[in-house]
Amino acid sequence: MIKRGFFGVMWFGALLGATSSAYAVPITQNTDPHSTGLGISTACGNSSGTSQASYYRAFDLYGMGIPASGIRSVQFGVDALYNGPLEILVKFYTLTSTLAVANLVPIGSPTAVTVPSQQGTLVTVPLNPNLSFDTQDQIVVEVFVPDGQATGAFFYFGSNSAGQSAPGYVRAPACVGMEDITELGSLGNGNMHIVMTLDVGTCGDSIAEISAGETCDDGNAVSGDGCDVNCTVTACGNGVLTNGETCDDGNTVSGDGCDSNCKPTGCGNGVVSAGEACDDGNTVSGDGCDSNCTVTACGNGVKAGAEACDDGNTVSDDGCDANCTLTGCGNGIVTGGELCDDGNTVGGDGCDGNCFNPACGNGFVGVGETCDDGNDVSGDGCDVNCTATGCGNGVLTADEICEDGNTVDGDGCDSNCTPSFCGNGIVTLGEDCDDGNTTDGDGCDSNCKLPACGNAILNEGEACDDGNKSDGDGCDADCSLTACGNGIVTLGEECDDGNDVDGDGCDKACKSTTCGNGTRTEGEDCDDGNDVDGDGCDTNCTATGCGNDVETEGEDCDDGNTTDGDGCSATCKFESNGEGGGAAGAGGDGTAVEGGCDCAVAGASDTKTSAGLFGALFAALLVPFRRRRRAAQG
């Protein structure tokens, strides 16, 4: 980094006697800044002309006690210019490091001057406005000379061999060794001291030098007080940034970066410049002039007011349609894929919410539709009549056998869309149950009756089922075959205890256990099923014979035993009163003799004889009585 300090710059102003202002003198590094020596200068070029070149001097104004000021003009020498003119540029930079192109920081704008052909002259380039600076860094001045070979121009920078307090520099990209900024003394021409003088002006000395570009001078270096630091009247365009200005490029030309109102060129600064249709001094949209400085309108690229979008055009179907609404159904513009667009997504108003004409199958659920999947395929959840796929919607789909448009049972097509019949899973009139099959014994039989005796279905545990609860018709009320022993008393049966065991009150022939029912049971010798005596089995169910207590043909008596002497002999004959059983009257007096002897007194009563006679009489009366009782029981 170059150390700040005095670089031997010569102050010619001291000869003028200026004592009140540090700025009031020309500044140069030349002992003789007023003349050029012909033939001393060298340049980069060939027989066609000189090439592009830049000539530099670096001034440490801060080291000279000039921290801030304005450069009014630059003066440089011309050794010779042949075949002119050439447009030469004067440029200014600050420098904080070694002198090289990469380290130069531009300040101000280049000033152009057209130089015609001449020799041994000095050219003064006024800076209007003055170049203002406020820096502790070095100020570098570049005089840029363009390439003259195309026009045959030859330019030689003015110099002399008089002394200098600091070196000069040159840069000529077309010449080897001069591609970057190079000290002139190192190029073998030690006498080439380029002539360059800065006029930092006398602004601030209370004298307005009109010829020097001053329009005022209030004797101070304060800006914004009516006369600014560059001795121009405080105003936009004088090159001095004052209160209320955000820029000041020294002119009132708009569109050059700083507009005529001293605001940076741009939308919203209040100045209509190139590319702007309007500029109302703000970046608020929707107030007539939008933030992009176009008149508020759909298609100007600024979303404002009631606009949902604005893509800068009025083309539809590109995401933002011509009415500045997002491309889509319901924005009032018919775009690709839409058949209509009435500006809303309400169905039933002539254009449905998906921008299709109202119809089943347009994909929008309209009035009277419960669904609409956008096709005319049934069975996919929404059928061709725009009702949800299901039994009772009037559309026959897979797994449905019938479809009558309702879910009423028993009308021919039941609520599960199968014809009304037993086994379709729907209980209808006349059915007790319906389990969807015709399998018996699973809780609901094949005739849709609950499993039970009398439902006409033969179930497990039933021997028969004739569909009724009548007994004796071949299948009794408990679904057993009509027969003795099934527990049901039917025609021709006296009883039925459900078994074929005799003697338990109801015999296996279904007759009540009793003598004469035709079944021989315990205590009976025989049972021929009738109450006739003497047919081999008598009414007391003993074999016909003497001693069975039944008097039958050929017997005088039968006292139930074959014991003699008890009035009825072992052959069932009446016995006499005498021993040996003689007939009455054998004793001569008609009286039986007890014990076989005549023990009675003639004419007297014999108790034994009376008793025997009484017993015989009682036995004779007893037999008919027993027979009558049997007949009553039978």
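Side-chain atoms of S285 and S291 include a donor-acceptor pair closer than 3.5 Å. Under 3.5 Å, the side chains of D525 and T542 contain no donor-acceptor pair of N or O atoms. D380 and N375 share a donor-acceptor pair across their side chains, judged by distance under 3.5 Å alone. A side-chain donor from one of D440 and S446 sits under 3.5 Å from a side-chain acceptor of the other. No donor-acceptor contact under 3.5 angstrom links the side chains of D502 and T521, judged on distance only. A side-chain N or O of D538 and one of T544 form a donor-acceptor pair less than 3.5 Å apart. Side-chain contact, D259 with T265: a donor N or O sits under 3.5 Å from an acceptor N or O.
Closest approach of C572 to E555, counting heavy atoms only: SG-OE2, 3.5 Å. Taking both residues in full, the closest heavy atoms of C464 and C479 are given as O-CB, 2.9 Å, listed atom of the first, atom of the second, then distance. For the pair A308 and T325, the tightest heavy-atom approach, listed with the atom from each and the gap, is CB-CA, 4.1 Å. Of all heavy-atom pairs spanning G554 and K573, the tightest one is O-NZ, 3.4 Å. Of all the heavy atoms in T482 and D473, the pair that sits closest is OG1-N, 3.6 Å. Counting all heavy atoms, side chain and backbone alike, E369 lies closest to D372 at OE1-OD2, 3.1 Å.
Rounded to the nearest 0.5 Å, atoms CG (D404) and SG (C391) are 7.5 Å apart. Within the model, atoms CG of D432 and CG of N447 stand 8.5 Å from one another, a figure rounded to the nearest 0.5 Å. Atoms CZ and SG, on R520 and C515 in that order, are 11.5 Å from each other to the nearest 0.5 Å. Note that the CG atom of D280 and the SG atom of C293 stand 7.0 Å from one another [nearest 0.5 Å]. To the nearest 0.5 Å, the span separating CG on N331 from CG on N323 amounts to 5.0 Å. Separation of atoms OG1 (T513) and CD (E494) is listed at 10.0 Å; rounding is to 0.5 Å.
Considering only heavy atoms from C-beta on, D411 comes within 4.5 Å of N406 through its side chain. Using a 4.5 Å heavy-atom cutoff, the side chains of P264 and T246 are in contact. Between T370 and V365 the shortest side-chain heavy-atom distance does not fall below 4.5 Å. The shortest side-chain heavy-atom distance between C453 and E462 falls under the 4.5 Å cut-off. Side-chain contact between N261 and V271 is present, with heavy atoms from C-beta onward closer than 4.5 Å. By the 4.5 Å heavy-atom criterion applied to side chains, E431 and C422 are counted as neighbours. The shortest distance between side-chain heavy atoms of D321 and L326 does not fall below 4.5 Å. Looking at L339 and N357, their side chains come closer than 4.5 Å, going by heavy atoms from C-beta outward.
Between C298 and C324 the SG-SG gap is short of 2.5 angstrom. The sulfur atoms (SG) of C495 and C506 lie less than 2.5 Å from each other. C433 has its SG atom at least 2.5 Å from the SG atom of C448. If you check the gamma sulfurs of C510 and C484, they are less than 2.5 Å from each other. Pairing of C340 with C351 by a disulfide is supported, the SG atoms lying closer than 2.5 Å. Taken together, the cysteine pair C371 and C386 keeps its SG atoms at least 2.5 Å away from each other.
With hydrogens and angles ignored, the 3.5 Å screen pairs a side-chain donor or acceptor of D465 with a backbone N or O of N455. Of the possible donor and acceptor atoms, none in the side chain of N561 sits under 3.5 Å from a partner among the backbone N and O of G547. When atom types are taken as modelled, the side chain of E403 and the backbone of G394 share a donor-acceptor pair closer than 3.5 angstrom. Side-chain N or O atoms of T327 include one that pairs as donor or acceptor with a backbone N or O of G319 at under 3.5 Å. N300 places a side-chain N or O within donor-acceptor distance of the main-chain N or O of V295, the cut-off being under 3.5 Å. Side-chain N or O atoms of D409 include none that pairs as donor or acceptor with a backbone N or O of T428 at under 3.5 Å. Remark: side-chain polar atoms of K469 are not paired, donor with acceptor, to backbone N or O of D476 under 3.5 angstrom. The main-chain N or O of N548 is found under 3.5 Å from a side-chain atom of D558 such that the two form a donor-acceptor pair. In this structure, S378 contributes its side chain and D383 its backbone to no donor-acceptor pair below 3.5 Å. A donor-acceptor contact shorter than 3.5 Å links the side chain of N416 to the backbone of N424.
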Checking N486 against L481 for the side chain to side chain contact (heavy atoms under 4.5 Å, CB included) test, could you report, in this order, the C-alpha distance in whole Å, the side-chain angles of both residues, the deciding distance, and whether it holds? CA-CA 7 Å; N486 69 350; L481 294 171; 6.0 Å; no
